[in-house]
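Below is one structure, written out as structure tokens; comments come after it.
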Amino acid sequence: MVYPAEGAILGVNTTKDRLTEMIGAALARARLSGRITGSSVARFIIELPKDPTHGDYATNVALVMARDEGKPAREVAAAIKNELAASDEFSEVNVGGPGFINFRMAPKFWHGQLRSAAEGAQAFFLPKLGSGKRVQVEFLSANPTGPLTVGHGRNAVLGDTIARLYEATGFEVTREYYFNNGGRQMKVLGASVRARYLEALGEKVEFPEDGYQGQYIRDIAADLVNRHGRALVAQTDLETFRAPAEQVIFADIHRTCERLRVHFDVYTNELDLIAQGKVADVMAELGRRDLLVERDGAVWLRGEPLGLPKDEVLIRSGPEREPTYRTPDIAYHIDKLKRGFDVIVGVFGADHIAEHKTVLAVLKALGHSTAAIKTVIYQFVTLTRGGQKVKMSTRKGEYITLDQLLDEVGADVARFFFLMRKSDSHLDFDLELATRQAPENPVFYVQYAHARLASVFREAQKAGVALPNDPAAIQLELLSEEEIELGKRIVRFPEVIVECVEEIEPHRLPFYLIELAGEFHRYYNKSTNRIIGTQIELSLARLFLAGLVKQALKHGLTLLGVDAPERM
RNA sequence: GCGCCAGUAGCUCAGCAGGACAGAGCAGCGGCCUUCUAAGCCGCGGGUCGUGGGUUCGAGUCCCGCCUGGCGCGCCA
């Protein structure tokens, strides 16, 4: 018997887990009594039926067993159903459709769930999944060659939110930024600054063919002119120009990250890895395993023994013997593994897939387990305004920077929008919708629900209605069916969080919050549902429920790094 | 040409481990504020799930082919 299914995290007692246990026990009894004969291992699931009339939970256990049992699924379902332990938690258990077993939970069950949610508070909303476990999340990792783009924004927010999800569920998280400061691109950066510097002093220079065109290069050059005058005119060492540029650009990146509510604990860079001999170690190890070949003056990684489509250059030809991008990246990943994290998450743009596969293949070839490494790939971002694409050309330095986006929409909207899509999907960022302060903008829709609830609590205080500390004192029996439905959605909150963490798919949370906010707005708008009324016991029960909705919204928004306003 | 990702309503996208009649938001039209915030709610339509096969009791979901779009296939990162 395999249950719970793979991926389930021990220690979290969701309703699904409890049902799984009960069904497992019923199966065992049915087997003892001979009503089920097959010995096969049944991999069944507990799901939430799309159609609520089917019940609160359903299982396909009979369907997956029917073949081995040699009996119609409905018959198997009936046999299992009969062995289910009697429980006053169910109001109804029946066999439906082709052989599903449907469970309808009794109101009493939901009352209990809601009470324990209130008692558990933090522990209920944010289950401790990773006690004692360490996670490293590498994200953004933009090289300091220019301002952050909108695409970087998606990376930063994805990585940060993944980190927040782990953190909130009890993992010890390291947020890490890796960058290259020794490669060719950085030389181009130095050359670009030098050219602008000389230009500013009236010297005749040719701008590097693939140099960085943006205004920020001129600003950095102008600063050098201010500080050093003509002293650097004869300086040909590009490092003189590259280093200050890196500093200035990084300061800029930090500022932008701060605006996005993103920070890092550790920065790792290429030059340090080289200086520490870690890159040389990788090369030596690869050499020992006969995975290198010299050709055209360069050192190549042999693709064939690793199952890769082609050889890759690791050390460039030429007197400087410079490593390519992937060489220090391999060293970096080995370094991550050696640091003993339980989970290592990398957030990379779609253009890095092939390179990352090479890195993983090398790690395996060197005898490392890559089981802990989880890769989140995200597709590119397109900006649209009223259905029209906003043109972006990185080469000419004509692009909307992340800063400009933040100027226009703010951190709340930017973060929410970046997270609203599955990372695998292209993201269409509609600036027109994003800047609208109206209900059709989902960010405000969710925030407004929270602000409304905050207002309700202010009104309750004015009216002298206060929730007792002990949830047992509240008469939840007074809640209507509609209110119980709202409560069921709150009970789902921790399940959504578990899914987000297990699948590393933060987009599920914004979707959940939009649904929860929607259900609350609809409830709130009915005149018969006034929370604060003349019947004190009913008011307390409703306020209790409202408090849980508010907490769910608050926890959810906080996990997304979005503000949960008390007033709007 | 090869590899990866995607193709679901007019638009942007969900669809949890294959499950019971395919969902949401936006856009369009029409309603609702002496009432805890109208940044809200209610009502009305609209889809051969790109396409052709296959596996299965059951396929938007898995497998294969084809079509379309994005990304990659540098001694760039």
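Values below: every heavy atom of this structure, side chains too, minus hydrogens, waters and symmetry copies. In this text, all values refer to a predicted model and were calculated from it rather than measured experimentally.
For A24(B), the OP1/OP2 oxygens have no side-chain nitrogen or oxygen of Y445(A) closer than 4.0 Å. An OP1 or OP2 oxygen of C32(B) is reached within less than 4.0 angstrom by no side-chain nitrogen or oxygen of S527(A). For K422(A) and G15(B), the shortest distance from a side-chain N or O to OP1 or OP2 is below 4.0 Å. Dashed line: the shortest gap from a side-chain N or O of R452(A) to OP1 or OP2 of A38(B) is under 4.0 Å. Within the 4.0 Å cut-off from OP1 or OP2 of C71(B), not a single side-chain nitrogen or oxygen of H356(A) is found.
Using a 4.0 Å heavy-atom cutoff across all strands shown, N529(A) reaches at least one base atom of the nucleic acid. Contact annotation for F100(A): base contact, defined as any heavy-atom pair under 4.0 Å involving a base atom. No engagement by I315(A) is indicated, since no non-hydrogen atom pair under 4.0 Å with the nucleic acid exists. Using a 4.0 Å heavy-atom cutoff across all strands shown, H54(A) reaches at least one base atom of the nucleic acid. If you check every strand for non-hydrogen atoms under 4.0 Å, K462(A) touches nothing. Base contact: I531(A) has a heavy atom under 4.0 Å from a base atom. Using a 4.0 Å heavy-atom cutoff across all strands shown, D311(A) reaches no nucleic acid atom at all. As judged by a 4.0 angstrom heavy-atom cut-off over every strand, R508(A) is placed among residues touching the sugar-phosphate backbone only. Across all strands, D329(A) comes closer than 4.0 Å to no nucleic acid atom at all (heavy-atom distances). Among the atoms of the strands shown, base atoms are found under 4.0 Å from some heavy atom of N60(A). Using a 4.0 Å heavy-atom cutoff across all strands shown, E566(A) reaches at least one base atom of the nucleic acid. Looking at heavy-atom distances under 4.0 Å, R530(A) makes contact with a base. The residue A451(A) sits close to a base: some heavy atom pair falls under 4.0 Å. Counting any heavy atom pair closer than 4.0 Å across all strands shown, A460(A) reaches no nucleic acid atom.
When each of D351(A) and G96(A) is assigned the nucleotide of RNA chain B with its nearest heavy atom, G96(A) is the one assigned upstream, toward the 5' end. Where T53(A) and I532(A) each meet RNA chain B at their nearest nucleotide, the meeting point lying more 5' is that of T53(A).
For the pair V193(A) and R242(A), the minimum side-chain heavy-atom distance is 4.5 Å or more. Side-chain contact between H333(A) and T370(A): absent, with no pair of heavy atoms (C-beta onward) separated by less than 4.5 Å. Side chains of I490(A) and L545(A) form a contact here, defined as non-hydrogen atoms less than 4.5 Å apart. Side-chain contact between L140(A) and V347(A) is absent, with no heavy-atom pair separated by less than 4.5 Å. The side-chain heavy atoms of E304(A) and K310(A), taken from C-beta on, include no pair separated by under 4.5 Å. Using a 4.5 Å cut-off on side-chain heavy atoms (C-beta onward), Y512(A) and L516(A) make contact.
Going from atom CD of E322(A) over to atom P of C75(B) covers 14 Å, rounded to whole Å. Atom pair I46(A):CD1 and C16(B):P shows a separation of 17 Å (rounding to whole Å applied). Note: CZ (F520(A)) to P (C36(B)) measures 13 Å, nearest angstrom.
Taking atom C1' on both U61(B) and C49(B), the two are 10 Å apart, rounded to the nearest angstrom. A gap of 9 Å separates the P atoms of C62(B) and A6(B), to the nearest Å. Between the C1' atoms of G28(B) and G10(B), the separation comes to 10 Å (whole Å). The separation of G45(B) from A24(B), taken at their C1' atoms, amounts to 16 Å, rounded to a whole angstrom. Comparing the C1' positions of U34(B) and G30(B) gives a spacing of 25 Å, expressed to the nearest Å. Only the P atoms considered, U8(B) is 10 Å distant from A14(B), to the nearest whole Å. Rounded to a whole angstrom, the distance from the P atom of G60(B) to that of G70(B) is 28 Å. Here, G46(B) and A9(B) have their P atoms 15 Å apart, quoted to the whole Å.
Two rings, from Y177(A) and F250(A), have their centers less than 6.0 Å apart. Note: F103(A) and Y57(A) fail the aromatic proximity criterion, with ring centroids not under 6.0 Å apart.
Relative to the side chain of H352(A), the nucleotides A77(B), C13(B), C75(B) differ in distance, and A77(B) lies closest. The nucleotide whose nearest atom lies closest to any side-chain atom of P49(A) is, among C75(B), A20(B), C5(B), A20(B). You'll find that the side chain of P98(A) is closest to A20(B), out of C4(B), C75(B), A20(B). For I45(A), the side-chain atoms get nearest to A17(B) when compared with the rest of C4(B), A17(B), A77(B). Side-chain atoms of D424(A) lie closest to A6(B) of the nucleotides A14(B), A6(B), C16(B). Of the listed nucleotides (C36(B), C5(B), C4(B)), C4(B) has the atom at the smallest distance from the side chain of K357(A). In the set C57(B), C41(B), G15(B), G15(B) carries the atom at the smallest distance from any side-chain atom of H507(A).
Taking 90° from 0 as the syn/anti boundary, the base of C32(B) is oriented anti.
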